[in-house]
Structure formats: C-alpha cells, structure tokens
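We count residues from 1, following the sequence as given.
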Amino acid sequence: MPKRRNTVTFNPNFFYRWGGRSGKPLACMANPRRKRQPMTHISTGVGTPVSSPDHINSLFYDFFRARSQTLQDAVDLGNAFLEAHPAPRLQTYQRELLECPILEREVGDAITCLKSGKSPGPDGLTADYYKILKTEICPVLTTMFNDINISRNPIDSFNAARTILIPKPVNPLTTCLPIAQSLFLTPIINFSKILTSRLQTFLPDLLTHHQLGFVHGQHSVVGIRQAVVAVLGACSVPRGSHLALLSLDLEQAFDSVSWSHLLRILHHRCFGHVFTDFIHNITRYGQDSPYFLLGRGVRQGCPLSPLLFDIALDPLLRTIKHSLAFRGISVEEVQLKVSAFADDLLLFTENLPVALPSLFRLLYQFQMSRGYGNIGLNPRLLPS
C-alpha cells in the first residue's frame, strides 16, 4: 500500500516537470520496452536447427575463432604502400607526452567519465563501484598503470573480456543477425581512456583531414556539406559527364583490422615502444566458452579502438587523395575526392568509366598490403 501511494504521488509531479519536454523520459514512454528474446535455436544452413545450448555455444566459439585468425602478412607490399605517400610522423615531444608516467589526476578524470548503468566486465564490478571508491582506488590504479608501462607486460586479466551477442534484426519476421560486443574490466577501460585523451591532442596532425570520425575538431556535418555541394555542382556540368558518388562498404570493419598493418603504421609514424607494446599485448578475449587467441581486429567497446581504426585506414585515404588517375569533382577551385566517417567512405568522381579501374587497383593494393576483408562498392550516378 505505501508503494502504491508513493507511485500515485510521484507520477503527477513527474509528468508536470517533464511532460512537455523532449528527452529521455519522453523517449522511454514513446518506445515500447524491448522484450527479452533468448536464443532458443540457430540454423546452420545444413540439416535441422540446433537447439542445445552447449552446441550453440560451440558453434559460435568456432565461428568467432575462425573469423579472428591471423591473415598472411605481405610485408614488402605493406611497406611500399606506406612509403608511396609519406605521412606526418610523431614528434619527440608528442611521443614523450604519450608515454610519460600516468598521473593520479588522469585516473580520476577517467573514472569520472565512466557511464553509470553499463554492464560490468568479467570481474562483476560496475562503474558506480569505482566512482564511490574513487579516492581509495585512484592511487592503486595509478601505480598499476605505471608498472604496466615500465614492464610492458599487462596482467592476464587485462587481456580477457566477455563477448556477448546482440541481435540485430535483418528482417523482424525472419531472422536476427548477431553482433559481437565485448565487456572489459573497468581498469582497462580507464587505461584506454587515458591513452585516448593523450592521443587525441595531436591525432588531427597525423591523419588526413578527410577522416571525420572520432577526431577532435572534425564533424560529420562536413561530409554532408561536401555531398550536397557535389550534387549542386553537378547541375553546372555539361550533359554527358559521368559524375558519380561512390560509397565504400568495409565489411566487418573493426574486426578486420590487421595487427601487422596497424603496428607497421605505428612504427612508421614513430610511435614509441611503450605505446606499441601496449597495443600489441592487449589482444586476447573470449566468451564463457574456452579462451581463444585473436589474430586481428580492434575490440568494439574499447575507447582506444576508434582512433586505432582511423590510423589503420589513413594510408588508403592518402592514396586516394594523391591518386592522379582517380579524379574528383571540382567545385569552385576545390576538388572533392573522398570523405570518411570512420568506416563509412564517400568518394566523388567526375569520370566514372576512367575512375573505377583506378579505384579498383588502389583497393586491391590496399587489401593485399594489409590482408583486409571484403570491400563493397556502391556507385550512385549524379544527374547532370
């Protein structure tokens, strides 16, 4: 009875304060609560569907382990691809800033930025636990992080995470596509946040300005404006021109990043051994099934992963930018060639029949140099 009385008293006040405003309360009311849908069976395409929990777990284990195997590395092709178009390298003071001892203040800021309500990692400790005990935990984490930097060998628990499957409806009436999402220990998230904050201070100087995703000072609206300008500029081009927008689709983008390619870029850009060793050592994650070793990919859910992905993709953007055979769309003395938001790439060309063969050669060289997965191409002709 007291619970019902409190509900009746609280609801009018709640709706009086929030009823006319758009925000999270209104969104929660407008969207129906998602029903829990356990995975009762999966179809392998061969024979009858599998319904045994142990068998389902085994199939997913084999699938992710096979998808994470190391691809053959073409060292010579990779080095040649990077040296074809030189890129800015890390300055000495930037490398010292990235690898200097971690301060207790940085650890405290990383804990403050943790989002409450998120699922805990394998240790079962949530972000609220670290926020409540922030004063006691900060000195301990600071010492541990600096010991890791000195020894260049993180503890085993840092290399572990639990992978969960999120159903993504492909067709609500037929099937769901599972997406892998990793849950990490909160200390490794704090460590990654510190490195991310340091890397963000000079990352815009290392990447081409065509990359708009996850970089300070860059916004997705720039890419939208470039696409609008290209469409409007097509109206002033003589009829018969083959203007086109090309959309590149990087299949399983984050999971297909080659470690050898990423480490080769880090060494080529003069990143120090402390940072590269840390990136090389944080490589392993598993499920409630037995652990298995990863051979490629950056882990989704890690704050550092988007920046590492931008670094891995930067050589392709620079190659397209400097390609003479792939001509972009010229609008008022400005040539638009490529715009990227993380793994979403949009290319502009004014002569599609000539540009496509050149683009295919560039993409083939990029795939061969780093062992990347499939890259889909979706051309869209612009009306002239």
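- Between Leu307 and Leu195 the shortest side-chain heavy-atom distance does not fall below 4.5 Å.
- Under the ring-ring contact (aromatic ring centres under 6.0 Å, His included) criterion, Phe202 pairs with no residue at all, not counting sequence neighbours.
- Proximity of a side-chain donor or acceptor of Gln218 to a complementary backbone N or O of Ser220 within less than 3.5 Å is not detected.
- Phe360 and Val354 fall into different hydrophobic clusters, where Ile, Leu, Val, Met, Phe, Trp and Tyr residues are linked whenever their side-chain heavy atoms come under 4.5 Å apart, directly or through other members.
- With values rounded to the nearest 0.5 angstrom, Asn190 atom CG is found 9.0 Å from Ile137 atom CD1.
- Annotation: side chain of Ile189 is in contact with side chain of Pro303 (closest heavy-atom distance under 4.5 Å).
- Closest of all the heavy-atom pairs between Pro204 and Val215 is CG-CG1, 3.7 Å.
- Formation of a donor-acceptor pair under 3.5 Å by the Ser323 side chain with backbone atoms of Thr319 is not found in this model.
- For the residue pair Leu77 and Met368, the shortest heavy atom distance occurs at CD1-CB, 4.1 Å.
- To the nearest 0.5 Å, atoms CG (Leu347) and CG (Leu245) are separated by 9.5 Å.
- Gln200 contributes atom CD, which lies 9.5 Å from atom CG of Leu304 (distance to the nearest 0.5 angstrom).
- In the hydrophobic clustering of ILVMFWY residues, with side-chain heavy atoms under 4.5 Å counting as a link, Leu212 and Ile329 come out apart.
- By the salt bridge (Lys or Arg N to Asp or Glu O under 4.0 Å) test, Asp109 is found to be paired with Arg105, residues two or more places apart in sequence or in another chain being considered.
- For residues 314-326, the set of pairs meeting the salt bridge (Lys or Arg N to Asp or Glu O under 4.0 Å) definition, not counting sequence neighbours, comprises Arg269-Asp314, Asp314-Arg318.
- The salt bridge (Lys or Arg N to Asp or Glu O under 4.0 Å) pairs that include a residue from residues 205-220 number zero, where partners must be two or more places apart or lie in different chains.
- Asp62 meets the salt bridge (Lys or Arg N to Asp or Glu O under 4.0 Å) test with Arg65; sequence neighbours excluded.
- Hydrophobic clustering (ILVMFWY, side-chain heavy atoms < 4.5 Å, transitive): Ile111 and Leu125 are in one cluster.
- The side-chain contact (heavy atoms from CB on, under 4.5 Å) test applied to Glu106 returns Ile102, Leu103, Ile194, Arg198, not counting sequence neighbours.
- For the atom pair CD1 (Ile320) and CZ (Phe326), the distance works out to 6.5 Å, reported to the nearest 0.5 Å.
- The stretch residues 125-143 participates, sequence neighbours left out, in these side chain to side chain donor-acceptor pair (under 3.5 Å) pairs: Thr112-Lys134, Ser116-Asp128, Ser116-Lys131.
- The salt bridge (Lys or Arg N to Asp or Glu O under 4.0 Å) pairs that include a residue from residues 210-234 number zero, where partners must be two or more places apart or lie in different chains.
- Nearest approach of Phe214 to Ala342, heavy atoms of both residues: CE1-CB, 3.4 Å.
- The hydrophobic cluster containing Leu97 also contains Leu90, counting ILVMFWY residues as joined when their side-chain heavy atoms lie under 4.5 angstrom apart, directly or transitively.
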Show the numbers, then the answer: is there a side-chain contact (heavy atoms from CB on, under 4.5 Å) between Leu203 and Ile311? CA-CA 9 Å; Leu203 187 64; Ile311 294 175; 4.0 Å; yes
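- What you find for Leu336 and Gln226 is that their closest heavy atoms are CD1-O, 3.5 Å.
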Quick one: do Leu356 and Leu246 satisfy side-chain contact (heavy atoms from CB on, under 4.5 Å)? Show the steps, please. CA-CA 9 Å; Leu356 275 182; Leu246 306 177; 4.2 Å; yes
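- For the residue pair Pro306 and Cys302, the shortest heavy atom distance occurs at CD-O, 3.4 Å.
- A donor-acceptor contact shorter than 3.5 Å links the side chain of His210 to the backbone of Val338.
- Atoms CG and CD1, from Leu313 and Ile265 in turn, are 9.0 Å apart once rounded to the nearest 0.5 Å.
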Which is it for Leu345 and Leu317 under the side-chain contact (heavy atoms from CB on, under 4.5 Å) test, yes or no, and what are the steps along the way? CA-CA 9 Å; Leu345 276 66; Leu317 300 181; 3.9 Å; yes
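- Listed by chain and number, the residues in a side chain to side chain donor-acceptor pair (under 3.5 Å) with Gln94 amount to none (sequence neighbours excluded).
- Residues forming a ring-ring contact (aromatic ring centres under 6.0 Å, His included) with His322 (at least two apart in sequence, or on another chain): His85.
- The aromatic rings of Phe191 and Phe145 lie parallel to each other, their planes meeting at an angle below 30°, with 60° marking the opposite boundary.
- Of the possible polar contacts, none joining the Ser358 side chain to the Ala355 backbone as a donor-acceptor pair under 3.5 Å is found.
- Remark: His267 NE2 is packed, more than 12 non-hydrogen atoms of other residues, nucleotides or ligands lying under 6.0 Å away.
- Here the shortest heavy-atom pairing between Glu104 and Pro139 reads OE2-CG, 3.7 Å.
- Contacts classified as salt bridge (Lys or Arg N to Asp or Glu O under 4.0 Å) and involving residues 78-101 (residues at least two apart or in different chains) are not found.
- Cluster annotation: Val229 is connected to Val334 through the hydrophobic network of ILVMFWY side chains, with a link wherever side-chain heavy atoms come within less than 4.5 Å.
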For Leu262 and Leu308: C-alpha separation, side-chain torsions, deciding distance, then whether side-chain contact (heavy atoms from CB on, under 4.5 Å) applies. CA-CA 8 Å; Leu262 178 59; Leu308 296 177; 4.1 Å; yes
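- Listed by chain and residue number, Glu350 satisfy the side-chain contact (heavy atoms from CB on, under 4.5 Å) test with Arg327 (two or more places apart in sequence, or in another chain).
- Once rounded to the nearest 0.5 Å, the distance linking CD of Gln367 with CG of Leu316 reads 9.5 Å.
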